[in-house]
Novice: 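Mind looking over this structure? Questions follow.
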Amino acid sequence: MGLIQRGAVGDRRNFLAGAGVVTLGIGAIGMTTARADAADRPSNDVGVIQTALAIEHEGIAAYRIAGKSGLLSASTLKVALTFMGHHQQHRDSLAKLVTQMGGHPVQPKTDADYIADLKLGTLKSESDIVALATTLERGAASAYIGQINALKDPQIARLFGSISADEAVHWTTLNNAAGTPIPAAAYLFA
Amino acid sequence: MRPSLSLALRLSTAATAGVLALVIAARPGIAADDAAAGQALFKTKCTACHSVDADRIGPRLQNVVGRPVASVPTYSYSPALKKLGGGWTPARLDQWLSGTQKMAPGSKMFLQVDDPAQRRLIVAYLQSVSEPSGLAAKK
């Protein structure tokens, strides 16, 4: 939580400190240029966080609705609810950041929307649910990494890295449960 | 977990792959291998936000090649993308994936695909789910 709270401030000085290290060798003029560039680049951080928040809302709804389907065995349900809890904690961190940055956190869609969007009504078995969750978790792990470049604040980038790692654990657990081999090529989510 | 679950999953994956191979083979103009490789990349990089046939965090992408930009009526686009104009060609999709904020600053999509080879495969996949190749039009 401490990490997230620090990230929330959107402290530009952290970013500039990093830029300064890179340009130290070229002296004062280079450093001034780096500062100007960093200041000129508008921050999209709130927008990036809002999109991430929308992904977390969807994941929470998927686990919640699937959890009530009666299709999951007790042991699978337990794992699903643990993962849902992680997504809720991600949601809370991201929503808090948006608020602290002066925005209004994006709200979840209705359950009816999620059921239609994710075709939850067509899921007929535990394996259907596990397959969908595996796909969503893989996508989420990858989406967090894929958006780090768009972030200006390194503390938020670090938060994205750590959320991505959580999603990767979910993916791995589900993937192993399904008995699917781990891909041989590295950079699974790149 | 339970063996029945694992078997069912493998069977359903095999079935999906089989159907996909047939569908792609039926499309002229796109190498089936490219579209299949592109689909795998799409599954990793895009499915957190997109489905082919449903609006999610981002709009549905069926028929996106040849479609006017920001034209799915059921999806709420950013003002930035709405004012971009024109249609989605393979070249413009490549440009989009290489930097959404350069192309439409303020857009709600921030994911970027840096590798040109990956972009080419993903665009081949998007073509395979678009008209005029045919099947995508028959919903």
Side-chain angles (χ1 to χ4, degrees), chain A residues 41-42 44-45 47-55 57-59 73 75-76 79 106 109 113-114 116-119 124-132 134-151 167 171 173-180 183 187-190, chain B residues 1-17 37 39-60 72 74-76 78-81 97-102 104-115 117-119 122:
Chain A
R41 185 158 72 99
N44 292 318
D45 290 7
V48 183
I49 297 168
Q50 293 278 35
T51 306
L53 179 54
I55 296 175
H57 282 318
E58 188 189 70
S73 63
S75 58
T76 306
V79 174
V106 58
K109 298 184 184 181
D113 284 338
Y114 287 124
D117 293 357
L118 296 172
K119 301 190 181 51
K124 295 285 179 262
S125 64
E126 175 163 300
S127 63
D128 287 349
I129 294 172
V130 171
L132 173 69
T134 309
T135 303
L136 292 178
E137 295 287 7
R138 181 178 193 167
S142 170
Y144 276 100
I145 295 172
Q147 295 183 104
I148 284 178
N149 279 354
L151 290 165
E167 318 290 33
W171 175 81
T173 307
L174 294 163
N175 192 67
N176 287 352
T180 311
Y187 307 110
L188 270 59
F189 304 106
Chain B
M1 217 174 277
R2 292 174 309 182
S4 58
L5 167 59
S6 130
L7 179 63
L9 268 179
R10 278 190 213 136
L11 286 177
S12 80
T13 312
T16 313
Q39 189 193 32
L41 287 167
F42 182 90
K43 227 180 154 187
T44 302
K45 289 178 175 289
C46 317
T47 43
C49 298
H50 291 282
S51 289
V52 166
D53 56 359
D55 302 331
R56 294 194 19 241
I57 295 40
R60 67 192 64 201
V72 173
T74 44
Y75 183 79
S76 167
S78 67
L81 196 58
L97 295 179
S98 63
T100 59
Q101 300 303 314
K102 274 194 202 111
S107 155
K108 289 194 286 182
M109 175 168 155
F110 297 94
L111 185 101
Q112 186 171 317
V113 182
D114 293 328
D115 179 350
Q118 289 192 339
R119 290 201 301 272
I122 292 169

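Proteins come first, then strands; the chains are lettered A, B, ... in the order of their sequence lines, and each starts at number 1.
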Novice: With a 3.5 Å distance limit and no angle check, can you tell me whether B/K45 reaches the backbone of A/F189 through a side-chain donor-acceptor pair?
Specialist: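 Not at all, since once roles are kept as given, no pair shorter than 3.5 Å links the two residues.
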Novice: Do you know the tightest heavy-atom contact between B/D55 and A/K109?
Specialist: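 That would be O-NZ, 3.5 Å.
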Novice: Kindly compute the distance separating CD1 (A/I148) from CG (B/L111), expressed to the nearest 0.5 Å.
Specialist: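 One finds 11.0 Å between CD1 of A/I148 and CG of B/L111.
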Novice: Decide yes or no on side-chain contact (heavy atoms from CB on, under 4.5 Å) for B/T47 and A/R138, but give the supporting numbers first.
Specialist: CA-CA 8 Å; B/T47 43; A/R138 181 178 193 167; over 6 Å; no
Novice: Taking ring-ring contact (aromatic ring centres under 6.0 Å, His included) as the definition, give me every residue that meets it alongside A/Y114, ordered by chain and number, with sequence neighbours left out.
Specialist: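 A/Y114 satisfies ring-ring contact (aromatic ring centres under 6.0 Å, His included) with no residue once adjacent residues are dropped.
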Novice: Mind listing the closest non-hydrogen atom pair of A/A143 and B/A48 along with its distance?
Specialist: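 Nearest heavy atoms, A/A143 then B/A48: CB-CB, 3.8 Å.
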Novice: Under the side chain to side chain donor-acceptor pair (under 3.5 Å) rule, collect the residues that match up with B/S51, sequence neighbours excluded.
Specialist: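 Side chain to side chain donor-acceptor pair (under 3.5 Å) check on B/S51 returns B/R56.
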Novice: Which bit of A/A190 is near chain B, if near means a heavy-atom gap under 4.5 Å: side chain, backbone, both or neither?
Specialist: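 It is the backbone, since no side chain atom gets that close.
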Novice: Would the distance check show the side chain of A/S142 and the main-chain N or O of B/T44 forming a donor-acceptor pair, the cut-off being under 3.5 Å?
Specialist: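 Flag set: sc A/S142 to bb B/T44 pair under 3.5 Å.
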Novice: Step by step, would you call B/M109 with A/T51 a side-chain contact (heavy atoms from CB on, under 4.5 Å)?
Specialist: CA-CA 8 Å; B/M109 175 168 155; A/T51 306; over 6 Å; no
Novice: More than 12 non-hydrogen atoms from neighbouring residues, nucleotides or ligands closer than 6.0 Å to NZ on B/K102, yes or no?
Specialist: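 Open.
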Novice: Quick one: closest heavy-atom pair of B/K43 and A/T135, and the distance?
Specialist: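 Closest approach of B/K43 to A/T135, heavy atoms only: CE-OG1, 3.9 Å.
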Novice: So which part of B/D115 gets closer than 4.5 Å to some heavy atom of chain A, the side chain, the backbone, both or neither?
Specialist: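 Neither part.
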